[in-house]
Every structure is written in structure tokens, then in C-alpha cells.
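To start, the structure itself, in C-alpha cells.
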Amino acid sequence: MLDKTFDPKSAEPRLYAAWENSGAFSPTDDPAAEPFSIVIPPPNVTGSLHIGHALNNTLQDVLIRFERMRGKAALWLPGTDHAGIATQMVVERQLAERGNRSRRDMGRDEFVAKVWEWKAESGGTIVNQLRRLGASCDWSRERFTLDEGLSAAVRKVFVQLHKEKLIYRDKRLVNWDPHFQTAISDLEVEAREVDGHYWHFAYPLEDGSGEIVVATTRPETMLGDTAVAVHPSDERYKALVGKAVRLPIVNRPIPIIADEYPDPEKGSGAVKITPAHDFNDFAVGKRHNLPMINLFDDFAKINDNAPPEYRGLDRFVARKKVIEQFEALGLLRGIEKTKHTVPHGDRSGVVVEPYLTDQWYVAADVLAKPAIKAVEAGDTVFVPKHWEKTYFEWMRNIQPWCVSRQLWWGHRIPAWYGPDGKAFVEETEAEALKKAEEHYGRPTPLKQDEDVLDTWFSSGLWPFSTMGWPEKTADLARFYPTHTLITGFDIIFFWVARMMMQGIHFTGEVPFKRVFINALVRDATGAKMSKSKGNVMDPLDLVDEFGADALRFTLTAMSGQARDIKLSKPRIEGYRNFGTKLWNATRFCQMNGCARAEGFDPAAVTAPLNRWIVGETQRTAAAVTTALAGCGFDEAANGLYRFIWNQFCDWYVELAKPLLTGDDAAAKAETQATAAWVLDVILTLLHPVMPFITEELWEQTADLGAARKHGGFLMTAPWPDLPENLVDPAADAEIGLIIETITEGRSVRQGLNVPPSAQPPLLVVEASGAQQAVLERSAALIGRLLRVSEVRVVDAAPAGAIPYVVAGATLALPVAEFIDIAAERARLGKEVANLAADIDRTAKKLANPDFVARAPEEVVEENRDRLADAQAARDKLQAALSRLEGV
RNA sequence: GGGCGGCUAGCUCAGCUGGUUAGAGCACCUCGUUUACACCGAGGGGGUCGGGGGUUCGAAUCCCUCGCCGCCCA
């Protein structure tokens, strides 16, 4: 006998270990099985599981379990990302906490060794947390982006792109993060709105004939100004173009130039040009061949290109000093408060500076073209589809991708420099040396590029690098392209787009056929969860409190498309209760001898109740299958919820009780067998979403009755494929009548406060022959649930009997002694009014010749039936009401 | 400034290609321990589907417009 509730704490680890040890997570090697693969969005190796991971991985697990049960060779390939900046940050912080030497004191080799050490120690955290969720990843194929195989893929990709001139080295402005002292890509820059000022500075004309006023939000950059620009059409300045101003503080003459860039409407119409520290000014500088004076060092401190009193100052200190000096010089013309957006590093949070450096760039625009076409052609589809717009928007405006990072943790760039600075880009140092010898005519020592690659450069290869590419492996042949990618919208640009570009370029195929974009999990009030807000819900705490199944079901049921998930505990609790409900329904079946019958055929059952539930089971199975196949996760979960709770538990089990305890041995046996069959189907359908409780119930019911065809784990059991002809409209009608009779009858009883102990007969006053037969035959079922003594057919309702109408039949409950006349009059009056309103609405519709002429025949017919039914019901109740008036 | 998403019961959300008396869960009120389950059962109250136009025989659903709210890009 089952316990009263499921105990996730003991069952989950046991079941997971059993699955894992059995090898069930690996795809079948049956060559006939259709491959179905997904690759995990590799979490940062530094990470621990947050609620977003829980959602994302639950959905992946639901999908992979579903497809595995459908007989596919289902591969869910797991792994982690080395996450350059994030990991380097974590380890540096840890070193500092432990009082170790700093990264720089330690040196590159020692530091990188420390990071590997750290990875060996704590890199497995998130992977183990995924196990607690129930994720059925194939751990035997687990990968890490810095694995040797993946690193080889990275080198090959870099070298090939370089040879194709799609990777090149260039000196230009990059977004520089002074905290980490590295370049970052456009995507890693976050525009934040901050309060700032416009400082208006006067630059005296060189010839002493006056001044020109410019405004800036970054005064310190004036130290690197190399021109003042005005619009060529700006009459105010026409005469000044070609002249020079003397740059205050620096005391250097700089030209006044005409360029399209300044907006005459804004400020004074004149702008200072600092080509080395502003993206727009850089472009102006290029057009006019202006000198580019770099003012900063890697820490954004002022360098030796500035006047001596500024050297070594922090940029913000220098800013103050510049303002003070302008004021002292009498050249400060005004200060204006303003809100403006300032670029910040997304990891460091510090203000990012445009900084002139040598970096490696990928010609993303070239790679983007086929990636755009692939989505246009439908080779890869987004679900929900509207995300394609976001993808296109970015891809069509893509900028060169800066891929070099001045970090130590990551894939070292495979470029070696000769003494003259010439770069040899090869997959190995040996190859580079060989090329150098050819080039220089003698063996020449080379020095490898110090930089590493953007983490996303390697994760962009993830779908195929993890499968062994560039080797032609069996996995690559079988599982690439992958089928579905499930990920968050926040990394469509970072990751999805890069995978598309690199995947198509290097394999000639899209990396995945479908991208499902999952929602963002927020707290119950809709706020984004963050540590600083303190509203973070730790998925592992939730698993502890409610079990993994409850959390999984919640996330699945709430994963409606294009919507945030507002997660709250009562919701999870409710779905935990749902698991308990199923558990107890199984317990009930077990107590009542429900056991699988040898050779049971659901199509052959005869009792209407059994025929009905078999049909409903088929409908549910079909709906769930369709939903899951189309990533309709919430639909699948909600469909199962309704079927299991509102149909199986509320009605089938209740209506089955008389059969299970009755004298009709044949009906009893059939019901027992049917219940067992339905339960097995339920467990199967629910398994992808709630794997633990279903597997446990599967095991606990393994010995009840005939052995299952599939002897092993539920997780590897075949998915139900039920024929549509299991649905029997006659059984539906019959059970529908019974359910309505009970529901409406209860409403009457409770509306009149008839005590539960009262057991009047149910009178059938007027009904079709078929209805009469159904009601009489089902007296036992109805009796129990409506608490009536019998079902009796009568010619007319006795005085004081309370009538109600169900499916055109008039039924009545003789409960005169309990009636409060006024209450009953009110009830009948309300019913009649409702019906009258409906009649009115429907009659109007039918009276409209346009409706009758233009609406489809079936809709018109439906309305006619509806009108007739409502009128009949109203007449009956009206008559009862009149009798009541007479009383 | 450009784009995207949302606005349906007190709360969280379903309602997909127009035809249901607009649904569910939670919360609320009343009743109930009938041998699966109180992590339960039964019944009930509660919404002019953000505002305004339009298309249509018919609009929560399609179109236009306005208003909020959120996100992304500049």
C-alpha cells in the first residue's frame, strides 16, 4: 500500500541515480531511431543554478524526455562555459579573500593554473544542481568550452576565418573597460541613464579676434582635442573655418573645420573633436586626417600625452581639474544639468571608455548574410515567431565584432608575431614557426599574442564543437544539426546569432532547426529577481520545500509564450498538491484492486463510464502530444492538470466507486482493468513534466496485475499512441447527462440548504426514452454523488418538488419540507431571467435575415437548437414558478 | 527617436486561424470529515475583456487611433 503522500526527498535522489546508472540518459544506438538532439545553453562554470536556469532546463528536459519516449534517439548534450571575464573575476576575488598574491604578481601561467584548480574543485556545482532538477542530460558526453577538443575547433575556426580575411587586426576605437583593462564588444556595453552636466567651454581664437564655445559632458577629453568642428552651412562660423583656436590648458593651436557631423541646432553649433576618445569624433578625425591623441592608460588614468600636472590622475579627478582650470581662466561659459546615457561595462559596472587599441575583429556582416537567409527561408524557425524580428533587426545592422580580450582565462589567440610585428596566424606554434622561417628565410623566434578570445567566440561553435568537429565523428553525422535550441531572449544576439553565423559558415548547415525562446522568471510582483533586491528565489530551496516535480510543473505550466513568469510559492504549492492528488488517486485504485488485465483492449470495454474515460484519455493524449511537439509546454501541462484532476479524479473515480464495490463482477473487473490502464497512460503522459513522482508510481504499481509490455523505467517507456476511435459519442452523451444531473442537482440542494443527510428520490418528470434509460440505469452512481435514495420516473412533479432542467429533461427533487418558499422563488426567478435573456439574444440573432443568410448553416442550426432548448427550459421553470405562486 | 510585448474576475493567467451564457488556479463566502486525498470534497459571489472609432450578420479575438506598463535598440 502506498503511503499517504509522495516523499520527494528520499525518492528523487534514488530515482535519479537509478536512471543515470542504467545509461538511460544516452541516446539509443538503434540505427532505426530518428535522431533528436538539443545542446544545453552552457551555464557559466562559475555559476550556481538560478531560477532562470531551472526554467530553461526544465523545458529542455520535458522536451527531451518526450522525444525519448516517442522512440527517438534523443540526445541532450550538457556542458559548461569557461566564461572568461566572469570566471577570472571570481577566482581573482577568491585569491584576494584568501590573502593570496594578486593575479599580476602571480603571473599568467600560475594564475591560469589556479583557475583550473578552482574549476576542478567547484566547477561541478551547477552540473550537480541540474541533476537535482531531474535533468536527463547525457553526462557521458559532457563538454567544457576549454576542453582540448573544443579548443582545437576554436583554433581551426580562427585560422580559417583569418585566411578568408573575415578576421582581421585593426587599430580603432573599442569599448574599453578600465576595471578589467580589456576591450569588450558592443553587446557587453550597457547604456545607463545618469545625471550629468554640459560644461560650456570657450576656446579663444588663435588670432585673438574672439572665442568659440563648445559644450561637453566629458571635460577631461578636451586635453586630447585636435579640432573644433562646425557645420558647413552654419553662417555663424563660415568665416572662422580654416582659422584656429588655441586649446586652453594644453596651449596648442587646433583648426576649426567644417563637417556634416555638428548639429547647428544643438548648443552653440560648434563641437570639440577628440578623435581618440569618442566614436563620432573618431569618424570626423578620419575624414579630416586629424591627429589622434590618446590620453589614457589601460586604467583610464591620464598618460604622458597630457600636460604634466594631469599625468597619472584618474579620469574623474582630471575632469574636476579641467573644470577648475577653465573657471580660473575665465573660460567657463556655463554649466547645464542634463540626463544622458553613459556606457557601462555589463560585468564591471564602471564607465567604459572609447579607447584606441589594436584588436582582432570578425567581419560579422559577411557571416550574417547567410544566417539571415536561413531564418527567412525557414531553415531555422523561432518559437514564438515574433523573436525573428529581433533577430533580423540586429543581424541586418550588425557591426564588426571585436573578439580579442585582454584577459588570461580563455582561448589564447592563435597568432604569433615576428620581430617586425608581422603576424603568423596558424593552428599551432610549430606551424607558425615554419611559416615564419619561410617568410624570413631563416628560423625566427615568435611571440604569441597575449590576448584571449571573447567567450562567445567559442560558445558560438557549441552545437558542433561539442560533437567532435572538425573531426568527422559519428555524433556529428547523427546529431548535427540539432533539432531545438531552448534559451532566453537575452542571449539571442550574444549566442543564438553567433551560432547561426559560425554554424552555417563552418558546417554548411544551420545549427538548429528550431529556437524556442523561453520567458523571463520574475518574482511574484513582476520585478526582476536580483541579489541586490533580495527577491531571489533559489530553485534548490524550492525543490527542498516542494519537490522537483512541483517546481518543474509550475515552470512548465506558466511558460506561456511571450510572457514573463511571475513565480510565487502558493502556485508551486498548488502543483505539489496536484502531485499528491494523483498519488492518492493511484492509492485508491490500488486499494480497490485496480490491476492491469492481460490483453486489455481499451476499445473493447462496454460500460459507458469506462468507454467515456477511455475516450477522454485518448483526447488528452492527442492534445498533449500535439502541444509538446510544438513547444506548447503550458498547454500540455494544463491539459494534463485538467484531465487528471477534473475528469479522472473528480468524475471517473467517483462514478467508478459503485461499480468497484458493486455486485456486478464483470463490470467490476472491467472497471478495475480500465482504471489501471488509464493510470498507466496518465503516468506516461505526465512523466516528462513530473518525472519523479510518475516513475515512483510506475514502480509501485509494477506488480499490480499483468506485467507491462515495457518492463523497465517509465522514462524509457513508449509514448501512448491511441486511436481516435476510442472516443465514443454515445458514452460521452451518457456520462455528460449523469454529470450534469449531479452537478445541477447539487446546486439545487445547496441553494435551498437541503441538509446533506436528506436523501430524497430523484424524480424524472420528463425525459426522452434514452435519457430515462440512462438515468434509471445509473441510479447507483447518481444516488451516491447526489445523495438521492433512488431514481424514479413520474408523470408529474408532486407539489413542492423542486424542478430543474438538464439537457432538455425535467428532473425534480421532492424536498418540500426543506424549502424556503421565498428562496426557491428567487432561485427559479433567477433561472428564468437568465434563460429569458439568452432567449432574447438568440431570437434576435435568428430574426436577423443577414445572420441567417450569411452565417454558416451549422452556426444557424446551433442557435436554433439553443433557442428551442432555452424556451423549453424556461417554460418548465416558469410553470413551476407559477405553481409556487399558487402555494 | 525606432522596434517589440502587454493591458481579460481582488491576484496570476487561459481564451491560437472572429460564432461558448468569457474560463482556470489562488484568494473570498457558505456547507461538508460519504472507507484515495483537508496537500480534500460540494456549492456560490465576482469581469460593460485599457479608452474611442471602424470592418462584419456577429469582435475579448481583425483594422485604425489614443492611453498607460514593461523590455530591447539608438
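The chains referred to below are lettered A, B, ... by the order of the sequence lines, with proteins before strands, and numbering in each begins at 1.
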5′-ward residue of the pair A/N848/A/M591 relative to RNA chain B: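 On the 5' side of the pair lies A/M591.
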Closest-nucleotide 5' rank along RNA chain B - winner of A/A191 and A/Q750: A/Q750
Inter-nucleotide [atom1] distance ([N], [M]), Å rounded:
N     : M     : atom1 : value
B/G43 : B/A36 : C1'   : 22 Å
B/C64 : B/C4  : P     : 11 Å
B/G15 : B/C7  : P     : 10 Å
B/A38 : B/G6  : P     : 41 Å
B/G41 : B/G46 : P     : 24 Å
B/U55 : B/U61 : C1'   : 14 Å
B/A42 : B/U33 : P     : 15 Å
B/A59 : B/G52 : P     : 15 Å

Atom pair distance, as rounded to whole Å: [atom1] in [X] and [atom2] in [N]:
X      : N     : atom1 : atom2 : result
A/K339 : B/A74 : NZ    : P     : 20 Å
A/K4   : B/A38 : NZ    : P     : 4 Å
A/H340 : B/G1  : NE2   : P     : 20 Å
A/I572 : B/U12 : CD1   : C1'   : 13 Å
A/R749 : B/G43 : CZ    : P     : 12 Å
A/E393 : B/G2  : CD    : P     : 13 Å
A/D186 : B/C73 : CG    : P     : 11 Å
A/F489 : B/C4  : CZ    : P     : 16 Å

Using a 4.0 Å heavy-atom cut-off, does [X] contact any base of the nucleic acid, only the sugar-phosphate backbone, or nothing at all?
X      : result
A/R787 : base
A/R571 : base
A/T586 : nothing
A/R576 : base
A/P755 : nothing
A/C649 : base

Strand partner of [N], provided both Watson-Crick or wobble distances fall under 3.5 Å:
N     : answer
B/G70 : B/C4
B/C26 : B/G10
B/G45 : none

Parallel, tilted or perpendicular: rings of A/W645 and A/Y641 (30°, 60°): tilted
Checking contacts here: which listed nucleotide ([options]) is nearest the side-chain heavy atoms of [X]?
X      : options             : result
A/K845 : B/C37, B/U20, B/G43 : B/U20
A/F493 : B/C72, B/G19, B/C37 : B/C72
A/V859 : B/G19, B/G32, B/G25 : B/G19
A/P570 : B/G19, B/C26, B/C31 : B/C26
A/R587 : B/C37, B/G32, B/G41 : B/C37
A/E862 : B/G19, B/A36, B/C39 : B/G19

When you measure from the side chain of [X] to the backbone N and O of [Y], does any donor-acceptor pair fall under 3.5 Å?
X      : Y      : value
A/R784 : A/L655 : no
A/R749 : A/R787 : yes
A/R576 : A/I572 : no

Under 4.0 Å from OP1 or OP2 of [N]: is there any side-chain N or O of [X] that close?
X      : N     : answer
A/K657 : B/A36 : yes
A/K581 : B/A38 : no
A/W645 : B/G41 : yes
A/S747 : B/G44 : yes
A/N638 : B/A24 : no

Side chains of A/E740 and A/T743, donor plus acceptor under 3.5 Å: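 No pair is found: no donor N or O on one side chain lies under 3.5 Å from an acceptor on the other.
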Side chain to side chain donor-acceptor pair (under 3.5 Å) between A/E188 and A/S185, intermediate numbers included: CA-CA 5 Å; A/E188 291 158 278; A/S185 73; 2.8 Å; yes
Distance-only donor-acceptor test (3.5 Å): side chain A/E654, base B/A36: yes
Short N-O contact, A/K845 and A/E862, less than 4.0 angstrom: no
A/D664/A/K668 salt bridge by N-O under 4.0 Å criterion: no
